Novice: 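Quick one: structure below, then a few questions.
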Amino acid sequence: KEPEALKICKEKIKKYKLDMNLIDVEYKFDGSKILFYFTADGRIDFRELVKDLASVFRTRIELRQIGVRDEVKRIGGNGVCGRELCCCTFLNNFETVSIKMAKEQNIALNPSKISGNCGRLMCCLKYEQDVYSEKLSRLPKVGAIVKTEAGEGTVEGVEVLKEVLKVKIKDGDDYTYKKFDAKDVKVIKESKNNNVIDEEEMSKLGMNAYLAVSRGSQNPAYMSILHFNNAPDKNAKPIVLVGKGLTFDAGGISLKPAADMDEMKYDMCGAASVFGTMKAIAELNLPLNVIGVLAGCENLPDGNAYRPGDILTTMNGLTVEVLNTDAEGRLVLCDALTYVERFEPQYVIDIATLTGACVVALGQHNSGLVSTDDALAEQLLQAAQQTTDKAWRLPLSEEYQEQLKSPFADLANIGGRWGGAITAGAFLSNFTKKYTWAHLDIAGTAWLQGANKGATGRPVSLLTQFLINQTK
């Protein structure tokens, strides 16, 4: 029984004089192993303890060092949080847990690490002003909900992303599209610096690849530009975030299979994550200049839709042979990435649910990272590690450009079967030569499938932490 197992384990801990606090025990139903959970300051060498317990219980033993993450389950809710301390998330109703409640439940908190790493999704421990108030001066605002190394802003950024994606089409009204129509978003209305580029202006700019994708839909394309100018030096080069915003992607003439096509409303997650991140940094009032670009349109089959075999002239003058109309995200992004050259950016990061190949390669755990700059890639990986919003860097060498060669144009829009996530990044790299650039493929991490279907909120945490790190 659990009490007996805990008692035996505690006795063994005393035997080996280990400075650890045993929390809970869990039995696997198939009897394959027993898991003991504990908290401790620093690393604990418990190898001898495990061997001893294995001989007692005659099964596999695992000891897991945790923070508040799993302890939160003792007071209800599905806790998901980071590697160290302080935070929890309730996926069902977005409730928060106060320090007062945590103390009542004997959940150990280390006030010196209040701004430590935390969760992937939402709603971390809410710190009340009357508890540890002297420790909260380091946070952006007293009483903030802690997220990454900042707080409430990241949570609100994730919330707005998830809310944007909780959409349905009702009575023939394309609510999905209108919900994300940037002209209707309050934050844009309130700022004179933000603007929306419509199809007429795109045509004048020569954004033919972007417009080609939109041709099959009755809903026009819009590219929304959000400006956050808060650096002490208003002329400081901005960091630009570019998000793919396909409000629905049926694949165009290269029609997708019917199975799971309903999930293609999530093909806007890249743009939604940019919107959520802009909301987060505004809440945090970060001293940065940041520009968010939401590249929105739909990809549908129609008599006017673009076709395999079409040759498109992009905004920067390169021509592209369309071999597959379902490789549309890179056609939208290539013109958007060319457009942002005018901002003379410090960095450009594009975020897109770009390839199924990335899901095959990395599953639903890591976002794919491609970059032409090692320093920028390392900064993004550091932010991923800090927030547990995981990413994995994929190679990008000249050999992959060979797969994109076309006998009729400068580039083909797909590179064949092999290395699809990498050749997609290689394609985009041809349009980013005037600035430092990175690409995040979030096709596997942006949403969940099945009964838990819905947006995860990733990679708002990663992006917000990256931007926070730029202020240090």
Side-chain angles (χ1 to χ4, degrees), residues 140 150 152-154 156-161 164 179-202 204-205 207 210 221-245 268-297 315 332-333 335-352 376 380 383 431-432 434-440 459-460 462-471:
E152 187 173 350
T154 308
E156 293 208 13
V158 174
E159 280 186 334
V160 74
L161 184 158
V164 163
K179 184 79 175 183
F180 198 62
D181 182 346
K183 293 191 295 186
D184 295 330
V185 179
K186 184 179 179 181
V187 69
I188 298 179
K189 287 183 178 180
E190 293 176 348
S191 175
K192 296 179 181 179
N193 294 325
N194 301 322
N195 62 297
V196 178
I197 297 173
D198 60 18
E199 289 189 340
E200 182 179 357
E201 188 171 354
M202 288 183 195
K204 292 177 181 177
L205 291 167
M207 302 177 75
Y210 192 144
Y222 292 107
M223 186 170 71
S224 306
I225 316 296
L226 312 180
H227 292 263
F228 178 76
N229 298 315
N230 199 42
D233 178 4
K234 298 303 178 185
N235 295 318
K237 289 187 174 183
I239 297 170
V240 179
L241 307 176
V242 181
K244 172 189 170 183
M268 59 194 274
C269 280
S273 67
V274 172
F275 182 72
T277 302
M278 296 298 287
K279 172 72 172 174
I281 63 172
E283 289 289 333
L284 298 172
N285 199 33
L286 296 185
L288 296 170
N289 292 339
V290 182
I291 298 173
V293 178
L294 318 181
C297 68
M315 186 178 177
V332 170
L333 288 173
D335 280 348
L337 290 169
T338 301
Y339 178 87
V340 302
E341 290 176 358
R342 66 194 59 208
F343 302 127
E344 299 181 359
Q346 177 186 0
Y347 300 125
V348 175
I349 303 166
D350 78 74
I351 307 97
L376 176 56
L380 288 166
F431 302 87
T432 63
K434 294 186 179 181
Y435 47 71
T436 303
W437 161 82
H439 159 67
L440 284 171
V460 171
L462 187 162
L463 294 171
T464 305
Q465 185 65 60
F466 167 79
L467 293 170
I468 291 169
N469 292 345
Q470 304 305 305
T471 68

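Values in this document were obtained by computation on a predicted structure and should not be read as measured data.
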Novice: Is the closest side-chain heavy-atom distance between M315 and L205 below 4.5 Å?
Specialist: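 When only atoms from C-beta onward are counted, L205 and M315 do touch, with a gap below 4.5 Å.
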Novice: Quick one: are N230 and I281 in side-chain contact, heavy atoms under 4.5 Å?
Specialist: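 Side-chain contact under 4.5 Å: no.
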Novice: Testing the basics here: between K234 and N229, what is the closest heavy-atom pair and its distance to 0.1 Å?
Specialist: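 For K234 and N229, the tightest heavy-atom pair comes out as NZ-O, 3.3 Å.
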Novice: For the CD atom of Q465 and the OG1 atom of T277, what is their distance to the nearest 0.5 Å?
Specialist: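 So the gap between those two atoms works out to 12.0 Å.
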Novice: Can you check whether I291 reaches P345 side chain to side chain, under 4.5 Å on heavy atoms?
Specialist: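 SC-SC contact between I291 and P345 ruled out.
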Novice: Identify the heavy atoms of L333 and G243 that sit nearest to each other, and give their distance.
Specialist: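 Nearest pair, atom of L333 first, then G243: CD2-C, 4.4 Å.
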Novice: Taking everything shown except E201 itself, do over 12 heavy atoms lie less than 6.0 Å from its CD?
Specialist: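 Yes, the 6.0 Å shell around CD holds more than 12 heavy atoms from other groups.
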Novice: I would like to know whether L284 and L467 meet side-chain contact (heavy atoms from CB on, under 4.5 Å); could you show each step before the answer?
Specialist: CA-CA 11 Å; L284 298 172; L467 293 170; over 6 Å; no
Novice: One pair to check against side-chain contact (heavy atoms from CB on, under 4.5 Å): K434 and T338. What are the steps and the verdict?
Specialist: CA-CA 9 Å; K434 294 186 179 181; T338 301; over 6 Å; no
Novice: So L241 and F466, do their side chains get closer than 4.5 Å, heavy atoms only?
Specialist: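 A side-chain contact is absent here, since even the closest heavy-atom pair is not under 4.5 Å.
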Novice: For H439 and D350, which I'm curious about, is there any donor-acceptor pair between the side chains at under 3.5 Å?
Specialist: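 The criterion, which ignores hydrogens and geometry beyond distance, is satisfied for D350 and H439.
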Novice: Would you name the heavy atoms of S273 and V460 that are closest together and state the gap between them?
Specialist: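 Reported closest heavy-atom pair: O-CG2, 3.8 Å.
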Novice: Calculate, to the nearest 0.5 Å, the distance between atoms CG and CG belonging to L286 and N469 respectively.
Specialist: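 Reported value, rounded in 0.5 Å steps: 10.5 Å.
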Novice: Measure across Q346 and K237 and return the closest heavy-atom pair with its distance rounded to 0.1 Å.
Specialist: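 That closest heavy-atom pairing would be N-CB, 3.7 Å.
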Novice: Kindly determine whether Y435 and V340 satisfy side-chain contact (heavy atoms from CB on, under 4.5 Å), including the steps that lead there.
Specialist: CA-CA 10 Å; Y435 47 71; V340 302; 3.8 Å; yes
Novice: Return the CG to CD1 distance between L380 and I349, rounded to the nearest 0.5 Å.
Specialist: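 One finds 4.5 Å between CG of L380 and CD1 of I349.
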Novice: Indicate the atoms forming the closest heavy-atom contact of A231 with N289, along with that distance.
Specialist: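 That closest heavy-atom pairing would be N-OD1, 3.1 Å.
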Novice: Of all the heavy-atom pairs spanning V348 and L337, show the shortest one and how long it is.
Specialist: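 The answer is CG1-CD2, 3.8 Å.
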Novice: If you round to the nearest 0.5 Å, how far is CG of D233 from CG of L288?
Specialist: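 It comes to 12.0 Å.
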Novice: Considering only heavy atoms from C-beta outward, does the side chain of V293 approach that of V274 to under 4.5 Å?
Specialist: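 No - every pair of side-chain heavy atoms lies 4.5 Å or more apart.
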Novice: For the CG atom of L294 and the CE atom of M223, what is their distance to the nearest 0.5 Å?
Specialist: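 So the CG of L294 and the CE of M223 are separated by 9.5 Å.
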Novice: Evaluate M268 against F275 for side-chain contact (heavy atoms from CB on, under 4.5 Å), listing each step before the verdict.
Specialist: CA-CA 11 Å; M268 59 194 274; F275 182 72; over 6 Å; no
